[in-house]
Amino acid sequence: MFSVSDAEAIILNLVRSLDNQRDTEFVDLLADNRILATPVTSNLDFPHWDNSAMDGYAVRYEDVQNSSEETPAVLEVVEKIPAGYQPQCTIKLGQAARIFTGAVMPAGADTVVMQEKTRLEDNRVFILTTPKPQEFVRHQASYYQAGTELLPAGIVLNAPEIAVLAATQCTQLRVYRKVRVAIFSSGNELVMPDKRLEPGQIVDSNQYAIASLVRQTGAEVLMLGIVKDEPEVLKQTISDAVANADIIISSGGVSVGDYDYIEQILESLNAKIHIRSVGIKPGKPLTFATFPNENCLYFGLPGNPAAVLVTFWRFVQPAIKKMSGLADNWLSFVKARSHSELRSDGKRETYLWGKLHLIDGFYHFQVAGGSHTSGNLINLAQTNALAILPVGKSLINPGEEVQVLQVFGC
Ligand SMILES: Nc1nc2c(c(=O)[nH]1)N[C@H]1C(S)=C(S)[C@@H](COP(=O)(O)OP(=O)(O)OC[C@H]3O[C@@H](n4cnc5c(N)ncnc54)[C@H](O)[C@@H]3O)O[C@H]1N2
Ligand code: MOO
Ligand SMILES: [Mg+2]
């Protein structure tokens, strides 16, 4: 049985990122949540030209350096420059231009005085303050210089990045294709959620949970459905999936029961099994294998629903993120103050689900009420984090610090 950190290292060492040329596609600015495959460079400076940060007057600093309410400089207004207009005049000594936020600075002017610090009489403006030299001028290229790297490869394109790319006219983006993840559930007792339950049957909730998690991680889902605990059917399902997916995730059938066939089928398909069990609670019988020639990874998650979510978050999610080309941030751990008593038997690294809150810059963790056993998924609803009790630590008291894996934003 591997420790959690050894299992993580084994998995991540075997994950190859998609190829940054071959495994890419072009998307436009309406793409969401995609990962840049190559760095982006723009040929536009930002700002594109010197412009005003205020509604006011563009002036020459030397004209206004001794201005005040008592002794205002008086300047002739020679032009009106709204945003989107190219100034025609050059501002000479004793002159100013009416200017608006975002408008192009006229030649000759180097400073903007905001309109609240001026008074206009006919076409003469009285400057009632001494501005700082170059005040309220947004200089060309002061935020970004054309030809330098704008965004690095390996980052997610979220709203801020999309805005940057739009502003600098980078409209065609080379991103990694989505990782293809095939998922299925194994178990004779399983039925679809809309089917009438016969005695002994339960709903296949795992497949829906995994599909949602995979999509949230930015990958594409191939739903293979429910597969009976029959070796031939399982073998056919897995060998078909190997040809079509980068990653296969199954749930169930990885323990020691008579109907737990996953490992023997992987072996019969010449997969190399790297992990058969991990010292994690829930999730001990996690299976991890590779199909070396096909470059395909296999995660056999335990059937218990809480074990599925915990092992996905701890092992599968970082693997998908790494394969997707994301450069870092595959897992997000934080230190939090526990508001609850947290208990484990101390034998396996134990993950307890609950709610992480950020209050005044400090994280606080509140464990979910109800039973924390891997067959219970009901109290996983509305949680966003997993508190971690290391091996040998059987109690964390309220008020003590605890390591927490953040699985959704808070
Ligand atoms: N003798 C032992 N028995 C068990 C051990 C052990 O070490 N020795 N380990 C236990 C642990 S820990 C776990 S976790 C489970 C893992 O079981 P399997 O991966 O073999 O899964 P199944 O036997 O198929 O099912 C277990 C459980 O989960 C329910 N299930 C299965 N699939 C789904 C699904 N798609 N949606 C919802 N629920 C599902 C299933 O009905 C069972 O209740 O083994 C322990 N046993
Ligand atoms: O690992 Mo199992 O999930 O403890 O029941
Ligand atoms: Mg079993």
Inset, instruction - Write down the atom of Thr383, the atom of Ala368, and the distance for their closest heavy-atom approach. - result: CG2-CB, 4.0 Å
Legend entry - Heavy-atom check, side chain of Glu232 versus side chain of Tyr261, under 4.5 Å: no
Legend entry - Reference residue Tyr351; test side chain to side chain donor-acceptor pair (under 3.5 Å); the match among Arg314, Lys281, His372: Arg314
Inset, instruction - Look at the side chain of Glu161 and the backbone N and O of Asn158, then say whether any donor-acceptor pair between them is shorter than 3.5 Å. - result: yes
Inset, instruction - Calculate, to the nearest 0.5 Å, the distance between atoms CD and OG1 belonging to Gln21 and Thr38 respectively. - result: 7.0 Å
Legend entry - Where Phe2 and His274 come nearest, the two heavy atoms and their spacing: CE1-O, 3.3 Å
Inset, instruction - Give a yes/no verdict on a cation-pi contact between Arg337 and Phe362, requiring under 6.0 Å between NZ or CZ and the six-membered ring centre and an angle within 45° of the axis. - result: no
Inset, instruction - Measure the shortest side-chain to side-chain distance between Ile202 and Leu197 over non-hydrogen atoms and say whether it is less than 4.5 angstrom. - result: no
Legend entry - Polar side-chain atom of Asp246 near backbone of Leu297 as donor-acceptor pair, under 3.5 Å: no
Inset, instruction - Determine, for Lys228 against Glu230, whether the closest basic-nitrogen to carboxylate-oxygen distance falls under 4.0 angstrom. - result: no
Legend entry - Residue pairs fulfilling ring-ring contact (aromatic ring centres under 6.0 Å, His included) with at least one residue in residues 133-161, sequence neighbours excluded: none
Legend entry - Shortest non-hydrogen contact from Ala385 toward Val404: CB-CG1, 3.5 Å
Inset, instruction - Determine whether Pro282 and Trp353 make a side-chain contact, defined as any pair of heavy atoms from C-beta on separated by less than 4.5 Å. - result: yes
Inset, instruction - Look at atom CG of Asp360 and say whether more than 12 heavy atoms of other residues, nucleotides or ligands are closer to it than 6.0 Å. - result: no
Legend entry - Any donor-acceptor N/O pair, Ser324 side chain to Ile320 backbone, under 3.5 Å: yes
Legend entry - From Phe315, Phe288, Phe312, residue fulfilling ring pair (Phe, Tyr, Trp, His ring centres under 6.0 Å) relative to Phe299: Phe288
Inset, instruction - Mind checking the CG-CG spacing from Asn376 to Asn379? Nearest 0.5 Å is all I need. - result: 4.5 Å
Inset, instruction - Check for a donor-acceptor pair, side chain of Thr111 on one end and backbone N or O of Val59 on the other, with a separation under 3.5 Å. - result: no
Inset, instruction - Under the side-chain contact (heavy atoms from CB on, under 4.5 Å) rule, what do Ile249 and Val214 come out as? Steps first, then yes or no, please. - result: CA-CA 10 Å; Ile249 306 174; Val214 167; 4.0 Å; yes
Legend entry - Separation of Met114 CE from Glu135 CD (nearest 0.5 Å): 8.5 Å
Legend entry - Whether Ser344 side chain and Lys393 backbone form a donor-acceptor pair below 3.5 Å: yes
Inset, instruction - Flag the pair Glu267 and Arg276 as a salt bridge only when some basic side-chain nitrogen lies within less than 4.0 angstrom of an acidic carboxylate oxygen. - result: yes
Legend entry - Sidechain-backbone polar pair: Gln366 side chain, Ser338 backbone, donor-acceptor under 3.5 Å: no
Legend entry - Check: Lys132 and Tyr61 side chains under 4.5 Å, non-hydrogen atoms: no
Inset, instruction - Please examine the side chains of Lys284 and Met1, heavy atoms only from C-beta on, and report whether any two atoms are closer than 4.5 Å. - result: yes
Inset, instruction - For side-chain hydrogen bond (donor to acceptor under 3.5 Å, both in side chains), just list the numbers for Asp204 and Ser185, CA-CA rounded to whole Å, side-chain angles, deciding distance to a tenth of an Å, and then say yes or no. - result: CA-CA 7 Å; Asp204 169 19; Ser185 300; 2.8 Å; yes
Inset, instruction - Return yes when atom CD of Gln172 has more than 12 non-hydrogen atoms of other residues, nucleotides or ligands closer than 6.0 Å, and no otherwise. - result: yes
Inset, instruction - For side-chain contact (heavy atoms from CB on, under 4.5 Å), just list the numbers for Leu356 and Leu358, CA-CA rounded to whole Å, side-chain angles, deciding distance to a tenth of an Å, and then say yes or no. - result: CA-CA 7 Å; Leu356 191 66; Leu358 187 57; over 6 Å; no
Inset, instruction - Please find out if less than 6.0 Å separates the ring center of His364 from that of His339. - result: yes
Inset, instruction - With Asp260 as reference, evaluate Pro302, Pro285, Ser255 under the side-chain contact (heavy atoms from CB on, under 4.5 Å) test and give the passing residue. - result: Ser255
Legend entry - Qualifying residues under side chain to side chain donor-acceptor pair (under 3.5 Å), relative to Glu69, sequence neighbours excluded: none
Inset, instruction - Taking atom CZ of Phe126 as the centre, report whether more than 12 heavy atoms of other residues, nucleotides or ligands fall under 6.0 Å from it. - result: yes
Inset, instruction - Check Pro193 against Val203 and note the closest heavy-atom contact, atom names and distance. - result: CA-CG1, 3.6 Å
Legend entry - Euclidean distance, Lys322 NZ relative to Ser17 OG, rounded to 0.5 Å: 6.0 Å
Inset, instruction - Check for a donor-acceptor pair, side chain of Ser186 on one end and backbone N or O of Asp229 on the other, with a separation under 3.5 Å. - result: no
Inset, instruction - Check whether any side-chain N or O of Thr130 sits under 3.5 Å from a backbone N or O of Ser67 as a donor-acceptor pair, and report yes or no. - result: yes
Inset, instruction - Step through the shown structure and confirm whether more than 12 heavy atoms of other residues, nucleotides or ligands are within 6.0 Å of CD on Glu198. - result: yes
Inset, instruction - Taking the side chain as every heavy atom from C-beta outward, state whether Ile35 and Leu157 have any atom pair closer than 4.5 Å. - result: no
Inset, instruction - Determine yes or no for a side-chain-to-main-chain donor-acceptor pair under 3.5 angstrom, with Asn244 supplying the side chain and Asp240 the backbone. - result: yes
Inset, instruction - For the residue pair Arg119 and Leu128, establish whether any side-chain heavy-atom pair is separated by less than 4.5 Å. - result: yes
Inset, instruction - Please report the shortest heavy-atom distance between Ala7 and Val278, naming the atom on each side. - result: CB-CG2, 3.9 Å
Legend entry - Asp55 side chain to Thr101 backbone, donor-acceptor under 3.5 Å: yes
Inset, instruction - Apply the test side-chain contact (heavy atoms from CB on, under 4.5 Å) to residues Tyr176 and Leu326: give CA-CA distance (whole Å), side-chain angles for both, the deciding distance (0.1 Å), then the verdict. - result: CA-CA 9 Å; Tyr176 288 100; Leu326 197 66; over 6 Å; no
Legend entry - salt bridge (charged side-chain N to carboxylate O under 4.0 Å, His left out) involving Arg196 - partner list, sequence neighbours excluded: none
Inset, instruction - Calculate, to the nearest 0.5 Å, the distance between atoms CZ and CD belonging to Arg177 and Glu25 respectively. - result: 8.5 Å
Legend entry - Contact check, side chains of Ile248 and Cys296, non-hydrogen atoms, under 4.5 Å: yes
Inset, instruction - Test side-chain contact (heavy atoms from CB on, under 4.5 Å) on Thr168 and Leu150 and set out the steps. - result: CA-CA 9 Å; Thr168 52; Leu150 182 63; 3.3 Å; yes
Inset, instruction - With Gln140 as reference, evaluate Asp50, Asn51, Asp45 under the side chain to side chain donor-acceptor pair (under 3.5 Å) test and give the passing residue. - result: Asp45
Inset, instruction - Could you tell me which non-hydrogen atom of Phe365 sits nearest to which non-hydrogen atom of Ala387, and how far apart they are? - result: CE2-CB, 3.4 Å
Legend entry - Sole residue of Arg98, Gln95, Gln88 in side-chain contact (heavy atoms from CB on, under 4.5 Å) with Glu79: Gln88
Legend entry - Approximate separation, where rounding is to 0.5 Å, of Ser239 OG and Leu266 CG: 11.0 Å
